[in-house]
Participant: 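Before we start, here is the structure in question, set down as structure tokens.
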Amino acid sequence: MIELNDISKSYRSARGTPVEVLKGMSVSVEAGEFVSVTGPSGCGKSTLLLIAGSLLHPDGGSVVIDGRDFTAMNSDDKAHQRAETIGFVFQRFHLLPYLTVRENILAGGVALKRSSDEVSGRAEELMEKLGMVRRADHLPGELSVGEMQRTALARAFLNGPKVILADEPTGNLDPENAEIVMKALSGFAGEGGAVLMVTHHPADADRADRQLKM
Ligand SMILES: Nc1ncnc2c1ncn2[C@@H]1O[C@H](COP(=O)(O)OP(=O)(O)OP(=O)(O)O)[C@@H](O)[C@H]1O
Ligand SMILES: [Mg+2]
């Protein structure tokens, strides 16, 4: 479902020092597979996920998702395909502070021209499933940390993605909410989705079908 082939990436610091982060790295995740990525801080895990989600262009190599080469697309096609195919979950949620829970979830659908009834029905379903109905009209600043991540999860699932990319999705959560997130990710893979999850928690890494150590 998602294939990263021979990826390389270097950054250049503001002072011009080059930092070589990824060197010929290949990873693939099949449909229905849950893969975890662990490794020391700074080894390039977030970089790998950003490249997998085509939010960052690699210096070399290709990213193929659902048979399409994202590295060869123009930015409009990429944005559209990304919205159709990929859901993101981050450690720090990245909710928009001036939008309510419902609006944040629906923001995930903006890039796709689907009927608004279908999309809002799906948003209500996801809020129901993730226990967010009573907070639908709250702003992120009025939520608990666990509620923020459940909102972000609903946003990630809104468009019916084929791939979920998760960067330390339980990193800031209490055990109960961490379990909700892990169950949602495993359930998604159980229904045929592909999950690539970075984590610092060995117990979470163990729950994946396959573990990648960087
Ligand atoms: N925009 C940037 N410019 C320069 N260097 C960067 C940039 N982004 C990341 N780096 C460097 O690249 C390396 C990899 O960063 P990355 O965020 O991918 O690590 P990570 O494995 O996710 O770490 P952590 O576990 O702490 O989140 C780090 O050493 C970091 O300092
Ligand atoms: Mg990181």
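We count ligands from 1, going down the list as the structure has it; atoms in each ligand are counted the same way. Note that this is a predicted model, so its numbers are computed, not measured. Below, all heavy atoms of this structure are taken into account, side chains as well, without hydrogens, waters or symmetry copies.
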Participant: Do you know which of Leu212, Asn5, Leu4 makes side-chain contact (heavy atoms from CB on, under 4.5 Å) with Met25?
Facilitator: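 Answer after filtering Leu212, Asn5, Leu4: Leu212.
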
Participant: Backbone, side chain, both or neither: what part of Val21 comes under 4.0 angstrom of ligand 1, heavy atoms only?
Facilitator: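 Side chain only.
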
Participant: Does an N or O anywhere in Gly44 fall below 3.5 Å from an N or O of ligand 1?
Facilitator: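 Yes, Gly44 has an N/O under 3.5 Å of an N/O on ligand 1.
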
Participant: Under 4.0 Å, heavy-atom basis, I'd like to know which part of Glu168 is in contact with ligand 1: side chain, backbone, both or neither.
Facilitator: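 Side chain only.
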
Participant: Check Val195, Val64, Val163 against Met1 for a side-chain contact (heavy atoms from CB on, under 4.5 Å) and give me the one that passes.
Facilitator: Val163

Participant: Going by the side-chain contact (heavy atoms from CB on, under 4.5 Å) test, name the single residue among Leu48, Val27, Val198 that passes it with Met214.
Facilitator: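 Among Leu48, Val27, Val198, the one that satisfies the side-chain contact (heavy atoms from CB on, under 4.5 Å) with Met214 is Leu48.
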
Participant: Within 4.0 Å of atom 9 (C) of ligand 1 (strictly less), any protein heavy atom?
Facilitator: yes

Participant: Assess Ser46: does it contribute an N, O or S atom lying under 2.8 Å from the Mg ion (ligand 2)?
Facilitator: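 Yes, within the cut-off.
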
Participant: Could you say whether the N/O atoms of Lys45 and ligand 1 ever approach to under 3.5 Å?
Facilitator: yes

Participant: For atom 31 (O) of ligand 1, is the nearest protein heavy atom under 4.0 Å away?
Facilitator: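 Looking at atom 31 (O) of ligand 1, one finds that no protein heavy atom lies closer than 4.0 Å.
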
Participant: With distance as the sole test, does Glu33 use its side chain to make a donor-acceptor pair with the main-chain N or O of Glu30 at under 3.5 Å?
Facilitator: yes

Participant: Would you sort out whether Lys162 and Glu84 count as a salt bridge (charged side-chain N to carboxylate O under 4.0 Å, His left out), showing the intermediate values?
Facilitator: CA-CA 8 Å; Lys162 295 187 169 165; Glu84 285 253 309; over 6 Å; no

Participant: Does any N or O of ligand 1 fall below 3.5 Å from an N or O anywhere on Gly39, backbone included?
Facilitator: no

